[in-house]
*Asks:* 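Provided herewith is a single structure, encoded as structure tokens, for subsequent inquiry.
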Number of protein chains: 2
Amino acid sequence: MQIAILLYDRFTSLDAIGPYEMLCRLPDTETVFVAEQAGPVTNDKGSLRLVAEKSLDEVRTPDIVVVPGGPGTEETLRNAALADWLRTVDATTTWTTSVCTGSILLAGAGLLTGRRATTHWLGYDTLAALGAEPTGERVVVDGKYITAAGVSSGIDMGLTLVGRLAGDEFAQAVQLLTEYDPQPPYDAGSPLKAPADLVARLRSGSHLIVR
Amino acid sequence: MQIAILLYDRFTSLDAIGPYEMLCRLPDTETVFVAEQAGPVTNDKGSLRLVAEKSLDEVRTPDIVVVPGGPGTEETLRNAALADWLRTVDATTTWTTSVCTGSILLAGAGLLTGRRATTHWLGYDTLAALGAEPTGERVVVDGKYITAAGVSSGIDMGLTLVGRLAGDEFAQAVQLLTEYDPQPPYDAGSPLKAPADLVARLRSGSHLIVR
């Protein structure tokens with residue numbers, strides 16, 4: 001089984017590595033990082049470079065594709081070659097998946113039309129404009145499409161997919177070995193839980209205190 | 001402020017990227033991946049290469065150092081140059097931190113002697129043998145030393161450190177933007193929660209069902 005994780009300029013690193021760290025433990029599986037050109041790909045902060053081992057041309061029939069999100073999705077959405085590749089691989093995948101605004105790229109390629117899906121909480125409108133039906137769930141399974149919410153949700157998505165592919169006991173072993181027993185020091189991880197004024201400020205974009 | 005994240009052969013990728021994704025959002029901060037030699041460093045699965053932008057010689061006075069874990073710690077523990085570097089940078093850091101078996105490297109360099117610390121749940125004995133006092137907590141702060149439990153716990157460690165450095169509201173904004181509202185599909189992320197037979201099998205190492 002081949003798992004292809006897409007990289008592109010200004011992707012968010014945890015979007016890619018969260019599911020990778022879960023999925024790479026599946027038996028009899030090859031995981032490959034892929035980008036338009038093989039070689040290092042720079043993340044959204046400019047301080048991290050992850051190597052794409054293969055170009056899009058070299059990976060045509062992965063069983064699973066994972067599309068991370070990031071600020072780079074806006075520009076990547078206009079990349080016709082990449083949308084072509086997504087449609088091509090999707091024709092034969094068992095699972096087509098995304099994290100964060102990666103679902104915007106899937107929707108832009110026409111793959112989520114009429115499907116329940118999710119994205120980063122700031123991206124619901126964009127996802128809807130591209131024909132999907134956004135939900136507020138953290139991991140959304142609709143047919144062979146699994147989309148996850150913002151950034152860190154890719155870990156939950158990856159572990160969900162490990163369970164589907166290798167069974168509950170195997171997935172629990174992966175969870176135990178990665179000690180995935182999260183204990184965030186705050187409870188502000190969703191717009192329903194964070195202080196309302198913080199949500200409003202981030203929504204307005206006019207007073208971004210973090211990037 | 002400079003944050004140095006150490007890479008070495010056979011590190012675990014999420015150990016490094018979890019804290020990175022939280023810490024890289026701090027204002028006025030440079031984050032740099034560092035290794036013995038600059039260039040791509042291969043992870044424990046052999047399918048991921050992350051670029052170290054600087055060699056150890058080029059990063060001598062980081063404010064924060066982050067040491068990820070991974071199967072490579074066993075060999076790295078015998079690397080005297082790396083232990084020297086850890087002692088050198090620790091002399092001037094504000095925070096010296098680790099994820100998973102990264103604390104084994106800190107302890108091996110003599111930095112955790114007599115200190116409360118943690119590591120991957122399978123590594124308590126090794127950590128104790130190297131002079132630290134292991135605890136079962138997920139994130140342990142003892143003076144300027146912050147050690148985190150297995151793999152995924154680096155996210156909690158990173159967010160804890162963001163809060164110490166930039167305040168609770170900033171940390172909550174980071175949590176919200178990374179949508180860190182974990183919802184694992186299983187509740188087996190610690191040896192106290194996972195099925196007892198699974199814990200026993202992984203502890204024995206004789207019937208490893210995942211690597």
Side-chain angles (χ1 to χ4, degrees), chain A residues 12-14 17-18 20-21 24-25 27 30-33 40 45 47-51 53 100 120-121 138-139 149-153 155-156 159-160 163 168-186 188-191 193-195 198-199 201-202 209-211, chain B residues 12-14 17-18 20-21 24-25 27 30-33 40 45 47-51 53 100 120-121 138-139 149-153 155-156 159-160 163 168-186 188-191 193-195 198-199 201-202 209-211:
Chain A
T12 297
S13 60
L14 186 56
I17 302 304
Y20 169 78
E21 196 63 63
C24 72
R25 291 159 197 271
E30 177 204 28
T31 307
V32 59
F33 289 94
K45 301 300 172 195
S47 49
L48 177 147
R49 289 191 297 155
L50 190 56
V51 179
E53 304 295 342
C100 198
H120 192 283
W121 63 275
R138 189 158 173 85
V139 175
V151 190
S152 61
S153 65
I155 300 172
D156 294 329
L159 195 55
T160 299
D168 291 342
E169 191 188 36
F170 188 93
Q172 287 174 315
V174 170
Q175 184 180 14
L176 181 54
L177 278 178
T178 57
E179 217 160 336
Y180 185 42
D181 179 31
Q183 295 169 28
Y186 306 95
S190 96
K193 296 177 176 177
L198 183 60
V199 176
R201 269 189 294 159
L202 294 182
I209 61 169
V210 288
R211 274 170 295 178
Chain B
T12 297
S13 59
L14 186 56
I17 302 304
Y20 169 78
E21 196 63 64
C24 72
R25 293 158 197 272
E30 177 204 26
T31 308
V32 60
F33 289 93
K45 301 301 173 196
S47 49
L48 177 147
R49 290 191 297 155
L50 190 56
V51 179
E53 304 294 343
C100 198
H120 191 283
W121 62 275
R138 190 159 172 85
V139 176
V151 189
S152 61
S153 64
I155 301 174
D156 295 329
L159 195 55
T160 298
D168 291 341
E169 191 188 35
F170 189 92
Q172 288 175 313
V174 170
Q175 185 180 14
L176 181 53
L177 279 178
T178 57
E179 218 160 333
Y180 185 42
D181 178 31
Q183 295 168 29
Y186 306 96
S190 95
K193 295 176 177 178
L198 184 59
V199 175
R201 268 189 294 160
L202 294 181
I209 61 169
V210 288
R211 275 169 296 179

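Source: prediction; values computed, not measured. Residue numbers begin at 1 in each chain, while the letters A, B, ... track the order of the sequences. These values consider heavy atoms only, across backbone and side chains, with no hydrogens, waters or symmetry-generated copies.
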*Asks:* Measure across L176(B) and S190(A) and return the closest heavy-atom pair with its distance rounded to 0.1 Å.
*Replies:*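 Closest pair (atom of L176(B), atom of S190(A), distance): CD1-C, 3.4 Å.
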*Asks:* Is there a donor-acceptor contact under 3.5 Å linking the side chains of Y20(B) and S47(A)?
*Replies:*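 Their side chains do contain a donor-acceptor pair, which is all the 3.5 Å distance test asks for.
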*Asks:* With a 3.5 Å distance limit and no angle check, can you tell me whether R138(A) reaches the backbone of D181(B) through a side-chain donor-acceptor pair?
*Replies:*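 The answer is yes, because a donor-acceptor pair under 3.5 Å joins these two groups.
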*Asks:* Side chain, backbone, both or neither: which part of Q172(A) has a heavy atom under 4.5 Å from chain B?
*Replies:*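 Contact with chain B involves both backbone and side-chain atoms of Q172(A).
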*Asks:* Would you check if the side chain of E179(A) reaches a backbone N or O of V151(B) as a donor-acceptor pair within less than 3.5 Å?
*Replies:*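 No, E179(A) side chain to V151(B) backbone: no donor-acceptor pair under 3.5 Å.
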*Asks:* Of the backbone (N, CA, C, O) and the side chain (C-beta and beyond), which part of I155(B) lies under 4.5 Å from a heavy atom of chain A, both, or neither?
*Replies:*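 Only the side chain of I155(B) comes within 4.5 Å of chain A.
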*Asks:* Grab the two heavy atoms, one from C24(B) and one from K45(A), that are nearest each other, plus how far apart they are.
*Replies:*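 Scanning both residues completely, I find the closest heavy atoms to be SG-CG, 3.5 Å.
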*Asks:* Tell me, side chain or backbone of P195(B) under 4.5 Å from chain A's heavy atoms, or both, or neither?
*Replies:*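 Looking at P195(B), just its side chain touches chain A.
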*Asks:* Is S152(B) reaching over with its side chain to a backbone N or O of T178(A), donor-acceptor style, under 3.5 angstrom?
*Replies:*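 Flag set: sc S152(B) to bb T178(A) pair under 3.5 Å.
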*Asks:* Specify which of G18(A), G189(A), A194(A) makes the most heavy-atom pairs with chain B at under 4.5 Å.
*Replies:*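 Ranked by contacts with chain B, first place is G189(A).
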*Asks:* Locate the shortest heavy-atom distance separating Q175(B) from A188(A); write the atom from each residue and the value.
*Replies:*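 Residues Q175(B) and A188(A), closest heavy atoms: OE1-N, 3.0 Å.
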*Asks:* Any chance you could measure L50(A), atom CG, to L50(B), atom CG, to the nearest 0.5 Å?
*Replies:*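 L50(A) atom CG to L50(B) atom CG measures 6.0 Å (nearest 0.5 Å).
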*Asks:* Closest heavy-atom contact between Y186(B) and G163(A)?
*Replies:*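 Taking Y186(B) first and G163(A) second, the nearest heavy atoms are OH-CA, 3.4 Å.
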*Asks:* For E169(B) and R201(A): C-alpha separation, side-chain torsions, deciding distance, then whether salt bridge (charged side-chain N to carboxylate O under 4.0 Å, His left out) applies.
*Replies:* CA-CA 12 Å; E169(B) 191 188 35; R201(A) 269 189 294 159; 2.3 Å; yes
*Asks:* Do you know which of V139(B), L48(B), T160(B) has the most heavy-atom pairs under 4.5 Å to chain A?
*Replies:*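 Winner by heavy-atom pair count: L48(B).
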*Asks:* Is it the backbone or the side chain of A149(B) that comes under 4.5 Å from a heavy atom of chain A, or both, or neither?
*Replies:*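 For A149(B), the contact with chain A is made by backbone and side chain together.
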*Asks:* Does a side chain donor of either T12(B) or E21(A) reach within less than 3.5 Å of an acceptor in the other side chain?
*Replies:*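 Note: T12(B) and E21(A) side chains miss the donor-acceptor criterion.
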